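Everything on this sheet refers to the single structure shown next.
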2 protein chains.
Amino acid sequence: MQNSEAMALSAALLATAGELTQRINEGVVARGFEGIRPAHGFAFARLAPDGATVTELAVHLGVTKQAASQLVDEIVRRGYAERRPHPRDARARLIVLTERGWACTRAAEAAAAEVVRGWGDVLGEREVRALWDCLSRIAPYGPLRPSW
Amino acid sequence: MQNSEAMALSAALLATAGELTQRINEGVVARGFEGIRPAHGFAFARLAPDGATVTELAVHLGVTKQAASQLVDEIVRRGYAERRPHPRDARARLIVLTERGWACTRAAEAAAAEVVRGWGDVLGEREVRALWDCLSRIAPYGPLRPSW
DNA sequence: GGCAGATGGTCAAGTAGGTTGACTATATAG
DNA sequence: CTATATAGTCAACCTACTTGACCATCTGCC
């Protein structure tokens, strides 16, 4: 594959990612969750299963723990999460989603599904699954980083 | 497709996009072009064919023209582009890439090709082309926006 | 048990990249 | 020729992040 083709593929991927992010965020806001930025969604994804500490969140998001702490302040202030004492470590606090936080997460999933459904209309269900399969195999495991 | 599946697909796409952006940027820096951020690359893409005005660049990047003007200041100061009088409009200036700007663009293409080659090792050339095809069909035309 | 160093978290100050608002110069419509 | 729209810049501010300093608590080792 030529360099210019690789660049065209990259551009298509990044444009699609940007559009997806924006539309998920719009969908979440449209469902009544205000003061939410895309970064919050990625935090929610890490908090969802069992909660996490600020430091774990910072690693996941690829930012300093100070920045993560500040982000937690925001989502706590808006009622999406709460800080609880950590069961094993008195220094740490376990950040867990509130019911409102879970509702917001479900709203994000619904918004994502809406966008993906649009892709299905263009590509067909079969190709969307093929796309998912390809991306799963090349997606990195590390921290989520902003696209630019 | 279930909501949770759509979210998993979205997460894979965004993680891949973030990784791609980061690695292209690292590749460009490794090739000796310093003081470059990912946003500059997207500006270069718009400037490459025939140049563009600050306002056109602002629309392409999805930012205010003041922000675009500031970004142009940076790439001009670093020798990647220059401001010329616009051939048809004395108010406007045409921003065009310098030879160094073109070299940087080629470096970005080479870096992108390197990443895509890694995908080829995992998926096979055939699947990478299928991925490209899918993404081309769902990628939006509008301004490029940051993923978050 | 007790001490030294590592780790979790926060506070404070600084920075970078964006925004809004105001302004000048030039273009365009009537 | 005048009135309005557009290209670009300057200045002030805002927000999300960084670095540096600090305290509380955990862990390894004597």
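Model, not experiment: these values are computed from the prediction. Quick note on labels: first sequence line is chain A, next is B, and so on, each numbered from 1.
Rounded to whole Å, atom P of D:dC17 lies 11 Å from atom CG of A:Leu57. As rounded to whole Å, 17 Å separates atom C1' of C:dG18 from atom CZ of B:Phe42. Separating the CD atom of A:Gln70 from the P atom of C:dA13 is a distance of 14 Å, rounded to the nearest angstrom. The separation between A:Arg84 atom CZ and C:dG9 atom C1' is 19 Å, rounded to whole Å. What separates CG of B:Leu71 from C1' of C:dA16 is a distance of 12 Å, to the nearest Å. For the pair A:Arg88 CZ and C:dG8 C1', the computed distance is 16 Å after rounding to whole Å.
In this structure, the salt bridge (charged side-chain N to carboxylate O under 4.0 Å, His left out) partners of B:Glu99, at least two apart in sequence or on a different chain, are B:Arg106.
By the neighbour-count criterion of 12 heavy atoms within 6.0 Å, atom CZ of B:Arg84 is sparsely surrounded, having that number or fewer from other residues, nucleotides or ligands.
Salt-bridge annotation for B:Asp73 and B:Arg77: absent, with no side-chain N of the basic residue lying under 4.0 Å from a carboxylate O of the acidic one. Using a 4.0 Å cut-off between a side-chain N of Lys or Arg and a carboxylate O of Asp or Glu, B:Arg31 and B:Glu114 qualify as a salt bridge.
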Per-nucleotide protein contact string for nucleotides 4-10 of chain D, where B marks a base within reach and S marks sugar-phosphate only (heavy atoms under 4.0 Å, - for neither): -BBBBBB
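If you check the side chains of A:Gln70 and A:Glu74, you find no donor sitting under 3.5 Å from an acceptor.
At a threshold of 4.0 angstrom between heavy atoms, the contacts of A:Ala90 are confined to the sugar-phosphate backbone, with no base atom among them.
Applying the ring pair (Phe, Tyr, Trp, His ring centres under 6.0 Å) definition to pairs two or more places apart or across chains, those involving residues 67-92 of chain B are B:Phe44-B:Tyr80.
For A:Thr64 and D:dC17, the shortest distance from a side-chain N or O to OP1 or OP2 is not below 4.0 Å.
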